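Report on one structure; see the data block that follows.
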Amino acid sequence: MSPVARVPVVRGRGAEERVLRRLLDGARGGDGGALVLVGEPGMGRSTLLDLAAGLAGEAFLALRASGVEAETRLPYAGLHQVLRPVAGAAARLPAAQVRALAPVLAPGKAESGLALPAAVLALLAEAAGERPVLVCVDDVHLFDDASREVLAFVARRVGGERVAVVFSARADEGWAAGLPVRVLGGLERAAVRELADDLAPGEVSEELLAALDQVARGNPLALTELIGSLGREQLAGVAAPPETLPRDGRLWREHATRLAALPEETRRLLVLIAADPEIDVPTLIAAARPACALTALEPAERAGILYATGDRYAFHDPALRGVAYHGATLLSRRSAHHLLAGAGTELKSAWHRAWAMDADPDRLADDLATAALKERMPGGHPEPYLALERAAELTGGHRPEKAERLAAAARHAWIAGRPQVARALLARLHDLARAPNEVRAHVRLLRGSLELLGGETGSAREELLGAATWLLESHRMLGVRALVRAADASYRAGDNRAFIAIARQAAALRRPDEQVPAQLMFEYLEGMAATFSGAHREAAAPLRRVVELADPLVGTVNGTVDDPSVLAWAGVASMLLGEDATAHRLSARALEAAGARGAASAVPQLLEYAIYPEVWSGRYTSVADTAARGLHLAREAGQRNTAAQHLAWLAMTAAVEGDQETCRIRADAAIGLAGAHDLGIAGAIGTWALACLDLAAGRPADAAGRLRAERRTSRHVVIRVMATPHLIEACARTGDHEGAEAALKVLEGWVGSTRSPDLRALVARCRALLAGPGGADELFREALELHGQGGHEFEAARTRLLYGSALRRDRRPGAARTHLHAALETFERYGARLWTEQARTELRASGEPVGPVPAAATSQLTPQQLRIARMVAEGATNKEVAEQLFLSRRTVEHHLRNIFSRLGVRSRVELVRLMS
């Protein structure tokens with residue numbers, strides 16, 4: 001009998017825990033059952049058995065056993081290990097069953113047929129007479145065949161007994177037929193984060209965690225050992241994260257033991273596959289000459305190490321590839337690369353020759369660097385940054401090419417979304433003063449780009465301007481891009497003067513023969529500078545030219561602009577012109593172009609730009625989805641500045657939904673990051689979101705105070721203008737007509753330069769709020785007519801609410817109710833509960849009784865509620881939902897109460913049934 005086990009904390013296995021609890025509850029009530037947990041080493045099979053024992057506690061008699069490879073050929077050795085603690089209960093069985101148990105409990109000859117399995121079942125049932133029995137067998141695949149067959153027989157027949165049986169195995173094999181099986185996959189992202197926080201509280205950044213999980217792939221033991229192996233520089237983000245399991249770890253040893261048990265020829269082929277994970281079968285056969293029989297791989301397939309997929313082989317556990325490769329001898333690895341050097345692309349061939357070391361190192365380095373620089377698409381094998389790093393390592397002495405190759409490797413690592421690797425490579429450029437000016441300029445461009453998205457905006461601007469000084473002559477397009485990025489740093493900080501100064505500097509550098517992308521960037525700087533100066537009509541012409549250069553549906557230039565960043569800047573120009581559809585189209589093209597180039601580092605920022613047209617169109621569900629995706633990717637890429645902006649937009653969607661606590665959590669987090677990194681834009685959006693929440697909650701004075709303070713301290717013109725309709729409304733509702741009139745002039749100046757009916761509708765609505773007696777009616781009607789030409793349903797509903805409220809106060813309740821009902825319907829569809837309550841309050845004030853919100857089907861849940869319902873139905877805890885959606889636990893509980901009420905369910909179990 002095992003000692004009482006404590007209940008361990010198991011991350012990410014909520015569904016398995018619920019199954020185990022049901023299994024134990026059944027055994028307590030005399031309706032036992034069984035479960036087989038299947039998973040690769042390190043996936044937590046043993047931990048779940050510990051969990052089962054801990055949940056059973058003293059109320060159960062726990063029988064624990066574990067498979068031992070040395071005993072696999074000893075018949076009934078495993079069964080003997082399980083039954084020894086209850087051997088005394090055999091005395092209470094009939095004599096025939098005692099004889100049947102003799103081969104297990106004492107030496108003797110085994111009886112044939114059902115006698116032994118039936119006797120084992122009877123023995124466990126007898127032992128369960130005093131208290132229920134829990135049988136936990138770890139690594140049952142290492143039991144002898146006879147023991148495994150008997151235990152499987154028993155597990156299938158414990159339905160009427162107070163017995164629960166839990167097995168763990170590496171694979172679901174034939175012996176488990178008829179038994180419930182749960183396959184343990186990798187942990188979900190939230191559980192990976194929780195586990196990392198358990199192991200190293202506050203030390204593992206999202207960026208580093210993402211890199212570690214590329215190795216671990218959700219394997220809890222792999223992640224545990226990787227975090228345990230980290231050094232201070234890796235934790236600080238200035239040294240490259242590990243790319244293989246630690247050699248002194250238990251998981252490495254277990255994998256190495258499995259590999260060592262394979263035939264020599266099998267291991268030789270595995271090193272070839274590990275050296276090139278993209279190798280296809282014909283290439284494998286050709287490389288493994290003189291004669292290769294693929295039957296040599298069958299032992300690896302039977303052992304669950306390798307599987308065939310299409311025309312190639314892959315490792316079941318990606319970590320096994322690193323063990324197979326790095327665990328082989330240096331001679332074996334060089335031999336494998338030598339055999340592979342004659343096949344594949346130019347880059348592959350150069351890569352394998354560089355590791356085979358079958359020529360002069362400098363020549364190998366030159367060939368590899370040349371091939372890597374031709375390869376534009378990351379994501380294959382080898383990654384260009386790895387090839388350039390290897391080329392730098394092979395470059396001898398103090399050749400300038402060494403620094404060039406390290407710098408190029410860092411740039412490619414950044415493009416591929418590996419910023420920590422990029423910083424580590426840059427850190428190796430110790431003697432940069434001796435590097436050519438061109439290399440130093442490229443390094444400054446990369447450092448500035450890293451700082452722009454993850455550091456301090458002022459520092460980013462200086463680095464980027466320094467890079468532009470050198471690059472404008474030698475690499476014209478990169479130089480212009482560096483200028484625009486320096487201006488972007490000013491834009492993020494809300495430093496309009498710095499932006500305008502950079503735009504003037506750029507205008508003086510402009511040439512008449514610029515390429516189309518460069519023309520677009522110069523026009524963009526001119527148009528944005530005019531916007532920041534308040535000269536909206538002067539800004540319209542260069543901004544229009546930007547759109548014409550980028551969008552073949554608008555201009556005459558076709559197919560010449562395919563750079564993701566340039567397309568995103570064109571999207572911003574479209575948005576400032578009030579052309580949301582064009583902005584949305586250009587943003588989508590930018591994301592497609594980034595995907596085609598494998599530019600993972602660009603995606604989080606491109607998603608920022610994609611949000612603007614979604615906000616102006618009122619597509620708040622899309623805003624929430626885009627910002628949530630952007631936040632996740634930005635955190636993984638270490639782009640804290642980009643993460644701050646996505647957080648701020650998520651605060652805005654929470655404000656629309658009326659989720660006050662979540663809005664404040666998100667906005668405060670965004671504003672905190674904004675203060676730490678000089679991010680005026682994120683702070684401005686976060687403050688705007690809080691002001692929108694104040695308006696929705698009926699606190700116009702608070703909203704006005706926030707927006708006035710923001711206008712005094714922030715110079716971020718774009719967000720200021722976008723927030724102006726809310727400021728005017730707040731001022732009008734608090735009697736500050738002078739402040740509202742001043743803000744209206746700013747709004748009119750911008751909207752007059754656009755063609756957007758929705759923007760003109762907002763101006764008409766603001767005028768209506770400030771109109772004298774008898775003047776508001778016509779302006780509200782004009783606003784609604786313009787909304788009809790646009791597509792912003794939510795703002796149209798807000799206009800109807802304000803119009804209905806004005807009509808009610810004007811003692812026209814019948815006309816008011818028409819608009820209030822239409823507003824209420826839209827707010828309910830958007831799940832905007834505070835605005836819904838305002839509409840219902842106005843309807844009641846107009847003399848119409850309004851009952852409680854009726855129950856709704858799942859199709860009528862708000863988008864946020866539907867996301868939460870699906871996650872809970874899939875087994876997520878409230879804490880997991882809160883962390884994945886960046887909500888508070890109290891907000892998740894509030895949503896769940898509403899979901900249960902609307903769907904007419906009383907528990908999570910009923911919700912699972914309904915959602916499935």
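From a predicted model like this one, the values you see are computed outputs, not experimental measurements.
- Looking at heavy atoms from C-beta onward, Leu223 lies out of side-chain contact with Leu187 at the 4.5 angstrom threshold.
- Using a 4.5 Å heavy-atom threshold, the side chains of Leu23 and Val166 count as touching.
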field: Check against side-chain contact (heavy atoms from CB on, under 4.5 Å), Val603 and Leu591
entry: CA-CA 7 Å; Val603 173; Leu591 285 164; 4.1 Å; yes

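- Residues Tyr620 and Glu657 fail the side-chain proximity criterion, which asks for heavy atoms closer than 4.5 Å.
- Screening residues 152-171 for ring-ring contact (aromatic ring centres under 6.0 Å, His included) gives Phe167-Trp175 as the qualifying pairs, with residues at least two apart or on separate chains.
- In this structure, the side chain of Arg131 engages the main chain of Phe60 through a donor-acceptor pair within 3.5 Å.
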Sequence neighbours left out, cut at 3.5 Å: what donor-acceptor pairs do the side chains of residues 201-208 make with other protein atoms?
from   : atom 1 : to     : atom 2 : distance (Å)
Ser205 : OG     : Leu208 : N      : 3.1
Glu206 : OE1    : Arg189 : NH2    : 2.8
Glu206 : OE2    : Arg193 : NH1    : 3.1
Glu207 : OE1    : Arg423 : NH2    : 2.8
Glu207 : OE2    : Gln420 : N      : 2.8
Glu207 : OE2    : Arg423 : NH2    : 2.5

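- Between Val19 and Arg22, the closest side-chain pair of non-hydrogen atoms falls below 4.5 Å.
- For Ser168, the side-chain hydrogen bond (donor to acceptor under 3.5 Å, both in side chains) partners at least two apart in sequence or on another chain are Arg45, Asp138.
- Side-chain atoms of His141 come within 3.5 Å of backbone atoms of Arg170 as a donor-acceptor pair (strictly under, hydrogens ignored).
- Listed for the Arg321 side chain is a donor-acceptor partner under 3.5 Å among the backbone atoms of Ala274.
- Under the 4.0 Å criterion applied to side-chain N and carboxylate O atoms, Glu17 and Arg21 are assigned as salt-bridge partners.
- Annotation: side-chain hydrogen bond (donor to acceptor under 3.5 Å, both in side chains) contacts of Arg217 (sequence neighbours excluded): none.
- If you take CZ on Arg833 and CD on Gln865, they are separated by 8.0 Å, rounding to the nearest 0.5 Å.
- A donor-acceptor distance shorter than 3.5 angstrom exists from the side chain of His646 to the backbone of Pro604, with no hydrogens or angles considered.
- Taking Glu161 as the reference, nothing meets the side-chain hydrogen bond (donor to acceptor under 3.5 Å, both in side chains) condition, with sequence neighbours excluded.
- Here the OG1 atom belonging to Thr662 is positioned 6.0 Å from the NE2 atom belonging to His895, to the nearest 0.5 angstrom.
- Listed for the Asp144 side chain is a donor-acceptor partner under 3.5 Å among the backbone atoms of Ala77.
- Here the side chain of Arg258 pairs a donor or acceptor atom with the backbone of Ala303 at under 3.5 angstrom.
- Pairs engaging residues 25-39 under the side chain to side chain donor-acceptor pair (under 3.5 Å) rule: Asp25-Arg28 [sequence neighbours left out].
- The backbone N or O of Gly29 lies less than 3.5 Å from no partner atom in the side chain of Arg162, so there is not a single donor-acceptor pair.
- Atom-to-atom distance recorded for Arg619:CZ and Tyr830:OH is 9.5 Å, nearest 0.5 angstrom.
- The two residues Ala34 and Leu179 make their nearest non-hydrogen contact at CB-CD2, 4.2 Å.
- Within the 4.5 Å cutoff, the side chain of Leu20 has heavy atoms near those of the Leu35 side chain.
- Closest heavy-atom contact between Ala176 and Val36: CB-CG2, 4.4 Å.
- You'll find the side chain of Arg418 reaches within 4.5 Å of the side chain of Pro241, heavy atoms only.
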